[in-house]
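Contents: one structure, followed by commentary.
Residues take their numbers from the sequence shown, with the count starting at 1. Small disclaimer: the values here were computed from a predicted structure and weren't measured.
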Amino acid sequence: MTRNRWRLLAGCALIALHQACEATVPIIIGETVDQAVATGSLLRLASWVGLLGLLFLLLTTAYRNGARQLMRALADESHALRLEVAAKVLTPGADVRTGDVLTISTTDADHASYLLDYVPRIIGALVATAVSAVGLCMISVRLGLVVLVGTPVVLIALQRAAPLITRRVADRQEVAGRASSVATDLVTGLRPLRGIGAQEAADARYRSVSRESLRATLLAARTQGGFQAASTTVSTLLACGIAILAGWFALTGRISAGELVTVIGLAAFLGEPFGTLSAAPSWIATARASADRIADVLAASSDPDISPDPPVLPTDGECLGVVVETDAAAFLRLYDDGSSDVLVAPHHPELFSGTIRENIVLSEMSSDLGGVLSASAADDVVEAHPDGLDHAIAERGSALSGGQRQRLALARALLAGPRLLVLHDPTTAVDAVTEHAIARGIRDLRHRPGSTLGTLIVTTSPALLAVTDRVVVLRHGEIVATGTHASLAAADPAYRAAVLR
């Protein structure tokens with residue numbers, strides 16, 4: 001609310017003006033009946049109808065501009081919350097589950113930002129109720145008191161359900177996040193699960209958390225549905241009570257025909273602000289539950305053991321191997337500074353729809369394409385298709401095998417020729433023979449005599465580590481061992497267990 005205060009203030013003022021005008025409409029109509037229709041004056045009728053037209057023009061303009069301000073604020077805030085959650089998750093060492101990231105950055109960000117819509121609606125409903133109460137008091141103090149006393153009583157009674165709604169909505173989002181995490185883990189590790197015959201156990205695990213998520217969702221829905229039914233019933237009964245009391249006053253001659261029209265119109269109109277005010281506790285409870293989950297992510301502490309700066313860098317012309325025992329993804333983010341001199345090639349390569357050439361060659365200045373294709377073993381992928389480099393690739397390379405996607409992504413990274421190239425397990429999906437060929441190809445391409453290029457390979461592959469000049473072993477961001485692959489494999493049992501297979 002603070003960072004959207006100007007749009008929020010403008011929206012609240014305009015929505016309040018719209019609701020005040022809406023509440024004034026029945027009053028103007030009642031006056032038209034008494035002052036023009038009852039007297040038979042066409043001049044007065046034209047005057048009151050003209051006033052009513054101006055009122056509708058004002059309320060329509062106020063609502064349109066107010067809604068525009070609020071929708072822009074809501075959209076901007078939802079986007080800002082997503083960016084903040086993403087920034088926190090990308091902080092090295094941040095402990096946030098994948099499924100939670102999905103639900104918090106989508107559903108929770110939307111629910112929390114909806115507060116920018118709820119506040120003006122509540123303020124508008126209060127203004128409408130106040131104007132209606134004043135109009136009713138001008139006709140009958142008793143009618144006005146029914147609104148002024150009944151509305152707060154109803155709101156206080158309904159507010160008692162807000163903590164229960166907050167708790168159940170939070171439970172629903174928590175379990176939904178856990179189900180998303182399990183689903184993400186299963187999809188990511190589907191091939192290994194099939195390989196070890198664990199797909200039935202994984203399926204049972206997902207079914208269990210999915211049922212739990214369903215139960216939490218149904219419980220939250222029942223709670224919100226019951227609250228909505230109760231609030232609608234109470235607000236409708238209150239409006240009906242006003243209309244019935246006004247009818248009795250008209251029959252006994254206490255109010256005129258125009259005043260009866262005004263009271264009936266206000267009673268019908270009050271159903272909207274009463275409904276808004278009675279539903280407000282449920283809205284705010286939902287927004288609060290989502291805001292609490294976002295706050296938990298933003299307040300999560302990062303791993304203090306991970307340095308904000310890269311702990312190791314290759315010297316000029318060096319091919320450096322790094323074995324990371326904990327959180328390799330967080331370690332890689334330390335090198336992704338966005339500069340053109342450093343290129344971080346992730347473990348999961350991304351391809352886009354287009355040709356093989358378009359996925360590899362990123363600029364017309366690229367050279368030595370043949371050498372790059374050979375070094376990355378991507379020449380086999382090109383030669384496997386009659387169209388060669390012009391072969392069309394589907395979105396995300398879905399028609400290619402995992403090894404083919406890895407080799408094309410590696411070729412793209414090698415062809416870019418950055419001063420420092422950071423590779424993360426670039427050969428996990430290829431066979432042992434191809435892996436050795438790629439390891440030698442990277443070495444020969446980037447580290448010819450006199451080369452000043454640096455390559456950092458984060459891996460546990462012995463084929464890749466064997467072609468490096470030096471290997472560094474990291475644990476919690478600290479160097480625990482350094483040496484050549486051969487010397488570490490001979491002298492360090494922990495290193496042998498990590499890399500030799």
Side-chain angles (χ1 to χ4, degrees), residues 1-12 67-122 162 165-185 188 213 220 283-310 327-339 342 344 346 348 350 477:
M1 291 176 66
T2 300
R3 62 185 173 192
N4 293 279
R5 56 187 176 277
W6 299 118
R7 285 180 180 170
L8 184 60
L9 286 172
C12 286
R68 180 181 293 117
Q69 292 292 329
L70 296 172
M71 289 303 100
R72 286 185 63 184
L74 193 155
D76 288 348
E77 180 60 25
S78 179
H79 178 63
L81 288 175
R82 290 189 181 95
L83 291 180
E84 290 176 356
V85 170
K88 184 63 179 182
V89 171
L90 293 175
T91 301
D95 184 18
V96 184
R97 294 179 313 198
T98 304
D100 282 340
V101 174
L102 179 62
T103 57
I104 291 173
S105 62
T106 54
T107 305
D108 286 319
D110 287 339
H111 285 172
S113 60
Y114 282 154
L115 187 65
L116 297 172
D117 179 51
Y118 300 152
V119 170
R121 291 171 67 178
I122 293 170
I165 297 172
T166 301
R167 185 168 64 252
R168 290 189 173 173
V169 170
D171 291 343
R172 177 191 66 192
Q173 293 297 91
E174 170 67 22
V175 179
R178 193 157 63 246
S180 296
S181 293
V182 172
T184 302
D185 291 344
T188 303
S213 178
W283 296 343
I284 295 175
T286 301
R288 174 162 189 146
S290 292
D292 287 343
R293 284 167 53 78
I294 293 174
D296 288 341
V297 171
L298 298 182
S301 59
S302 303
D303 190 345
D305 293 329
I306 296 181
S307 167
D309 298 315
D327 203 353
F331 169 77
L332 282 169
R333 286 195 290 269
L334 299 177
Y335 294 86
D336 198 359
D337 63 357
S339 69
V342 180
V344 179
H348 298 288
E350 294 291 345

Report yes if the side chains of Trp6 and Gln69 come closer than 4.5 Å at any heavy-atom pair, otherwise no.
no
How many angstroms lie between CG in Leu74 and NE2 in His79, if you round to the nearest 0.5 Å?
13.5 Å
Counting only heavy atoms from other residues, nucleotides and ligands, does the tally under 6.0 Å from CZ of Arg288 exceed 12?
no
State whether Asp76 and Arg72 are salt-bridged, where the test is any N-O pair (Lys NZ or Arg NE/NH1/NH2 against Asp/Glu carboxylate O) under 4.0 Å.
no
Within the side chain of Ser113, is there an N or O that forms a donor-acceptor pair under 3.5 Å with the backbone of Asp110?
yes
Rounded to the nearest 0.5 Å, how far does CG of Leu115 lie from CH2 of Trp283?
11.5 Å
Between Met71 and Asp117 the two heavy atoms that sit nearest each other are CE-OD1, 4.0 Å
Looking at Arg5 and Glu77, does any basic side-chain N land under 4.0 Å from a carboxylate oxygen?
no
Between the OH atom in Tyr118 and the NE2 atom in His111, the distance rounded to the nearest 0.5 Å is 6.5 Å
Here the pair of heavy atoms bringing Ala109 nearest to Leu81 is O-CD1, 3.7 Å
Residues Ile294 and Ala112: closest non-hydrogen pair is CD1-CB, 3.9 Å
For Val119 and Met1 the tightest heavy-atom approach is CG2-CE, 4.1 Å
Is the shortest heavy-atom distance from the side chain of Leu8 to the side chain of Pro120 under 4.5 Å?
yes
Heavy-atom pair of closest approach, residues Leu116 and Ala73
CD1-O, 3.6 Å
